[in-house]
Amino acid sequence: AGLAPPDAFGTQLLSAIKLVHASVRYIATPAPAGTTSATTAGSNGLEDVFWKDRLSGNRLTYMDSYSSPADYPGGISGGYSITRKIDLCPQGFFTTNGNSDHNFGGDGVSAYGSSNSAGEGTWIAVKGEKGQPLLRLRFNDGTVRDYLLENREGSTYLNNERWYRTNRERDGADYA
């Protein structure tokens with residue numbers, strides 16, 4: 001994110017912000033609560049047929065946004081928008097992509113930030129250590145990420161977050 005008075009916010013500052021963004025180095029962090037590492041659940045675990053059938057050939061999409069208006073004229077307002085997608089092909093491969101946008105503004109200030117991410121590898125639906133269903137993504141760089149799966153009245157949840165499950169055959173070409 002970058003902040004500057006409107007008259008100082010130009011291409012030079014935007015270029016500097018992009019350089020800073022490109023210099024950020026991301027590292028692996030411990031798995032979020034509610035997930036199981038690959039070592040504790042075994043290399044692949046027992047396949048969960050219900051979830052394999054439910055997820056195969058589908059796109060999972062998570063969306064979140066927030067907007068906060070200024071409390072008074074000239075006050076600072078802001079918001080964000082986050083979208084994450086996981087495409088799960090029937091042959092066991094996946095691709096992911098996500099983006100987030102953040103913006104802030106007020107009298108004499110404005111800012112905008114954006115980021116994108118992507119990944120690919122193989123996926124499997126497995127039964128975890130305690131029998132709980134997991135979506136296991138094994139990225140091509142060797143990273144393994146597990147998501148706890150839940151079916152709540154026909155809606156799909158990963159790690160207690162609502163993800164929309166869409167399918168080209170069922171939902172049409174514009175399902176994304």
Side-chain angles (χ1 to χ4, degrees), residues 1-37 51 54-55 58-88 94-120 123 132-137 139 141 143-168 170-176:
L3 295 172
D7 58 338
F9 196 89
T11 56
Q12 189 176 9
L13 181 59
L14 190 56
S15 295
I17 292 169
K18 288 181 179 180
L19 282 173
V20 170
H21 175 71
S23 72
V24 174
R25 184 172 165 239
Y26 296 92
I27 59 172
T29 59
T35 64
T36 306
S37 73
W51 281 102
R54 183 171 173 80
L55 298 176
N58 286 276
R59 169 175 283 175
L60 300 175
T61 304
Y62 172 81
M63 297 177 286
D64 188 16
S65 64
Y66 174 77
S67 179
S68 176
D71 288 338
Y72 55 89
I76 295 179
S77 63
Y80 67 83
S81 172
I82 298 170
T83 303
R84 292 181 279 177
K85 296 177 186 173
I86 305 172
D87 289 309
L88 303 167
F94 76 88
T95 60
T96 66
N97 67 62
N99 62 52
S100 63
D101 296 313
H102 309 272
N103 59 58
F104 307 93
D107 220 11
V109 296
S110 66
Y112 173 78
S114 178
S115 69
N116 293 299
S117 63
E120 55 186 24
W123 74 275
Q132 75 276 33
L134 301 172
L135 169 61
R136 175 161 297 146
L137 302 181
F139 290 82
D141 68 1
T143 304
V144 176
R145 186 174 301 149
D146 285 349
Y147 293 90
L148 180 62
L149 292 165
E150 290 181 81
N151 179 19
R152 297 184 193 168
E153 299 179 12
S155 297
T156 302
Y157 285 77
L158 278 65
N159 290 349
N160 211 31
E161 295 176 327
R162 172 71 164 100
W163 286 65
Y164 295 92
R165 185 177 57 94
T166 55
N167 177 287
R168 186 178 307 270
R170 182 182 64 237
D171 302 315
D174 295 329
Y175 74 99

Open item on the list: With side chain to side chain contact (heavy atoms under 4.5 Å, CB included) as the criterion, how do Leu149 and Leu158 come out once you've worked through the C-alpha distance, each side chain's angles and the decisive distance to 0.1 Å?
Closed with: CA-CA 5 Å; Leu149 292 165; Leu158 278 65; 3.9 Å; yes

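The side chain to side chain donor-acceptor pair (under 3.5 Å) search around Thr96 returns none, not counting sequence neighbours. Residues satisfying the salt bridge (Lys or Arg N to Asp or Glu O under 4.0 Å) test with Arg165, not counting sequence neighbours, are none. Take Tyr157 and apply the ring pair (Phe, Tyr, Trp, His ring centres under 6.0 Å) test, not counting sequence neighbours, and it matches no residue. Taking Tyr164 as the reference, nothing meets the ring pair (Phe, Tyr, Trp, His ring centres under 6.0 Å) condition, with sequence neighbours excluded. Residues meeting the ring pair (Phe, Tyr, Trp, His ring centres under 6.0 Å) test with Trp51, sequence neighbours left out: none. Evaluation of the side chain to side chain contact (heavy atoms under 4.5 Å, CB included) rule for Thr95 yields Asp87, Glu120 as partners, not counting sequence neighbours. Residues satisfying the side chain to side chain donor-acceptor pair (under 3.5 Å) criterion with Asp101, sequence neighbours excluded, are Tyr112, Ser114. In terms of the salt bridge (Lys or Arg N to Asp or Glu O under 4.0 Å) criterion, residue partners of Glu161 (sequence neighbours excluded) are, by chain and number, Arg84. Judged as a side chain to side chain donor-acceptor pair (under 3.5 Å), and not counting sequence neighbours, Asn97 has no contacts. Under the side chain to side chain donor-acceptor pair (under 3.5 Å) criterion, Asp71 pairs with no residue, sequence neighbours left out.
For the pair Asn167/Asn58, a side-chain contact is recorded, criterion being any heavy-atom separation below 4.5 Å from C-beta on. By the 4.5 Å heavy-atom criterion applied to side chains, Trp123 and Ile86 are not counted as neighbours.
The minimum heavy-atom distance between Ala70 and Ser77, with the atom names listed, is N-CB, 3.5 Å. Nearest approach of Ser67 to Pro69, heavy atoms of both residues: O-CD, 3.8 Å. Scanning both residues, Arg54 and Gly154, for their nearest heavy atoms gives NH2-O, 2.8 Å. When all heavy atoms are compared, the tightest approach of Pro133 to Leu148 is O-CD1, 3.6 Å.
Residue Met63 holds its CE atom at 9.5 Å from OG of Ser81, rounded to the nearest 0.5 Å.
Checked against Tyr147 for a side chain to side chain contact (heavy atoms under 4.5 Å, CB included), the options Leu135, Leu134, Leu60 give a single hit: Leu135.
Between Phe139 and Phe94, the ring-plane angle classifies as perpendicular under the 30° and 60° cut-offs.
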